[in-house]
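Note that these values count all heavy atoms, side chains included, but never hydrogens, waters or copies made by symmetry.
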Amino acid sequence: MPATPYVVTQRHLRHVGKDCLVAFDVNLYSVPARKVRPRQLVEIRATKSQVSLHSTVPDTGGQTLLAVHPRVVGRSARIVDETHWDGLPTGAGAASPPATLCPPPAAGRQPDRCRLC
């Protein structure tokens, strides 16, 4: 018998979602927004106890590891490191609808109902 046990690892390729989440085994795992882009292909290496997510292309330092999470036993769980969402747009700069759709009344006239109101 070898001194160290052989670790069985499942390997899969998945795409990153717009929210920096990667689907695996009916669960979602986060990756850092600053290191990936939506629809980027990442490699999942899953053991019995953990899920590690790797880029398919090494960074400038030759590293591929993006994130490591504990593997979830249940279904439909979201395993998120909140720091991974740094860099995602917040939606705060999105255009808001106008306060009113009715045109302002003409000078000297009573405001009457427009056909939209």
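- Legend: salt bridge (Lys or Arg N to Asp or Glu O under 4.0 Å) pairs involving residues 25-47, not counting sequence neighbours, sorted by first then second residue: R11-E43, D25-R71, E43-R45.
- Considering every non-hydrogen atom in both N27 and A77, the closest pair reads OD1-N, 2.8 Å.
- Q50 places none of its side-chain heavy atoms less than 4.5 Å from the side chain of P70.
- Evaluation of the side chain to side chain contact (heavy atoms under 4.5 Å, CB included) rule for T83 yields D81, D86 as partners, not counting sequence neighbours.
- A donor atom on one side chain and an acceptor atom on the other are not found under 3.5 Å apart for T56 and H54.
- Under the side chain to side chain contact (heavy atoms under 4.5 Å, CB included) criterion, V73 pairs with no residue at all, not counting sequence neighbours.
- A pairwise comparison of heavy atoms in T9 and T47 identifies OG1-CG2, 3.7 Å as the closest pair.
- Closest of all the heavy-atom pairs between A67 and H84 is CB-CE1, 3.6 Å.
- The side chain to side chain contact (heavy atoms under 4.5 Å, CB included) test applied to V26 returns R75, S76, not counting sequence neighbours.
- Within the hydrophobic cluster formed by Ile, Leu, Val, Met, Phe, Trp and Tyr side chains joined at under 4.5 Å, directly or through other members, I44 is accompanied by V16, V22, F24, Y29, V31, V36, V42, V51, L53, L66, V72, I79.
- Every residue meeting the side chain to side chain contact (heavy atoms under 4.5 Å, CB included) condition with V80, not counting sequence neighbours, appears here in chain and number order: L21, S30, R78, E82, W85.
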